[in-house]
Trainee: 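Attaching a single structure in structure tokens format; questions to follow.
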Amino acid sequence: MGLSREHVVCMMIIIIMAMGMFGESLASSSLHKVGGSAGWTTLGNVDYQKWTSSNIFTPGDSLLFVYNTQFHNVKQVSRRDFLSCNATSALATYNSGSDTVALKKPGHYYFLCGFPGHCQAGQKLHVLVVATSTASPSLSPDLSPAPSPSIGSSPSPSPATASEDSAQNGAISVSLSTAMSGVVVFVVALMLY
């Protein structure tokens with residue numbers, strides 16, 4: 001028993017709507033390479049506060065920390081530990097040299113290098129994740145706790161299409177519109193066949 005034309009049209013509409021919602025949520029995500037082309041380092045006097053202020057972070061974005069594991073690591077810490085450069089009670093520790101940290105919820109996230117003297121030399125990062133992509137980032141002091149971290153390291157997403165923004169901010173925007181269009185055309189063709 002075959003499907004009626006009405007059933008096929010109804011299924012196409014549902015699939016297209018679902019793909020639109022899925023694509024919209026993914027298309028707005030960005031992978032931000034911390035420190036831009038310099039990465040996570042104490043060399044070259046990277047100003048992480050300046051780097052942060054030139055980016056807007058929203059839920060679903062990720063930070064990519066790239067560094068030499070012989071000299072650096074990444075520790076996610078509380079605001080208090082961030083301000084005092086205390087790496088001994090980290091919320092999460094990353095040490096692969098290429099760590100992706102998901103920014104799942106709005107709020108303040110604090111990171112520093114746990115190697116002696118590095119945080120004091122400026123190798124620390126405060127990221128404010130805002131609820132909408134149109135809001136401006138603010139680094140005003142806040143006593144709210146950092147959101148729960150993603151423990152460990154996860155591989156970087158492999159988007160269908162990725163374009164590198166300017167090396168100044170090091171953000172990679174994920175765009176899936178081309179892939180989604182191709183999938184929609186394929187599904188429609190399959191259903192009409």
Trainee: Can you tell me how far CH2 of Trp40 sits from CG of Asn73, rounded to the nearest 0.5 angstrom?
Mentor: 9.0 Å
Trainee: Is the closest side-chain heavy-atom distance between Leu112 and Leu125 below 4.5 Å?
Mentor: no
Trainee: Please report the shortest heavy-atom distance between Phe82 and His126, naming the atom on each side.
Mentor: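 Closest pair (atom of Phe82, atom of His126, distance): CZ-CB, 3.8 Å.
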Trainee: Are the side chains of His32 and Asp61 in contact, using a 4.5 Å heavy-atom criterion?
Mentor: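 Yes - at least one pair of side-chain heavy atoms lies under 4.5 Å apart.
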Trainee: Would you sort out whether Tyr109 and Gln76 count as a side-chain contact (heavy atoms from CB on, under 4.5 Å), showing the intermediate values?
Mentor: CA-CA 7 Å; Tyr109 292 76; Gln76 184 170 359; 3.5 Å; yes
Trainee: With rounding to the nearest 0.5 angstrom, report the SG to CD distance, Cys113 to Gln120.
Mentor: 10.0 Å
Trainee: For Phe65 and Phe111, run ring pair (Phe, Tyr, Trp, His ring centres under 6.0 Å): C-alpha distance rounded to whole Å, both residues' side-chain angles, the deciding distance at 0.1 Å, then the answer.
Mentor: CA-CA 10 Å; Phe65 291 88; Phe111 303 92; 5.2 Å; yes
Trainee: With the side chain counted from C-beta on, respond yes when Val130 and Pro106 share a heavy-atom pair under 4.5 Å apart, and no when they do not.
Mentor: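 No; the side chains remain at least 4.5 Å from each other.
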Trainee: Is there a side-chain contact (heavy atoms from CB on, under 4.5 Å) between Asp81 and Tyr110 once you walk through the steps?
Mentor: CA-CA 9 Å; Asp81 287 343; Tyr110 302 95; over 6 Å; no
Trainee: What distance separates Tyr67 OH from Ser96 OG, expressed to the nearest 0.5 Å?
Mentor: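 Result: 5.0 Å between the selected atoms.
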Trainee: Tell me, do Thr100 and Leu63 make a side-chain contact under 4.5 Å, heavy atoms counted?
Mentor: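 A side-chain contact under 4.5 Å is absent here.
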Trainee: What residues, two or more places apart in sequence or in another chain, satisfy side chain to side chain donor-acceptor pair (under 3.5 Å) together with Thr69?
Mentor: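 Not a single residue meets the side chain to side chain donor-acceptor pair (under 3.5 Å) criterion with Thr69.
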Trainee: Parallel, tilted or perpendicular for Phe57 and Trp51, by the 30°/60° rule?
Mentor: tilted
Trainee: Given side chains that start at C-beta, do those of Leu103 and Val127 come closer than 4.5 Å, heavy atoms only?
Mentor: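 They are in side-chain contact.
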Trainee: Only pairs at least two apart or in different chains count here, so list each disulfide (SG to SG under 2.5 Å) that has a residue in residues 50-95.
Mentor: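 Matches after skipping sequence neighbours: Cys85-Cys119.
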Trainee: Which residues satisfy the ring-ring contact (aromatic ring centres under 6.0 Å, His included) test with His118, sequence neighbours excluded?
Mentor: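 So His118 forms a ring-ring contact (aromatic ring centres under 6.0 Å, His included) with His72, Phe115.
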Trainee: Do Asn86 and Ser84 have a side chain donor and acceptor closer than 3.5 Å?
Mentor: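 Result is no, nothing qualifies.
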Trainee: Which pair of heavy atoms, one from Ser78 and one from Leu91, lies closest together, and at what distance?
Mentor: N-CD1, 4.1 Å
Trainee: Can you name the nearest heavy-atom pair linking Leu83 to Lys124, along with the distance?
Mentor: O-NZ, 4.2 Å
Trainee: Could you state the interatomic distance from OG (Ser54) to CD (Gln49), rounded to the nearest 0.5 Å?
Mentor: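 With rounding to 0.5 Å, OG (Ser54) is 11.5 Å from CD (Gln49).
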Trainee: Got Leu64 and Val34 here, is their nearest side-chain heavy-atom distance under 4.5 Å?
Mentor: no
Trainee: Tell me the closest heavy-atom pair linking Ser62 and Ala102, and the distance in Å.
Mentor: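 Closest approach of Ser62 to Ala102, heavy atoms only: OG-CA, 3.8 Å.
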Trainee: Could you tell me if the side chain of Lys33 sits less than 4.5 Å from the side chain of Val66, heavy atoms only?
Mentor: yes
Trainee: Asp99 and Asn95: which non-hydrogen atoms are nearest, and at how many Å?
Mentor: OD2-N, 3.6 Å
Trainee: I need the minimum non-hydrogen distance between Pro59 and Val129, along with the two atoms involved.
Mentor: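 The pair with the smallest heavy-atom distance is N-CG1, 3.4 Å.
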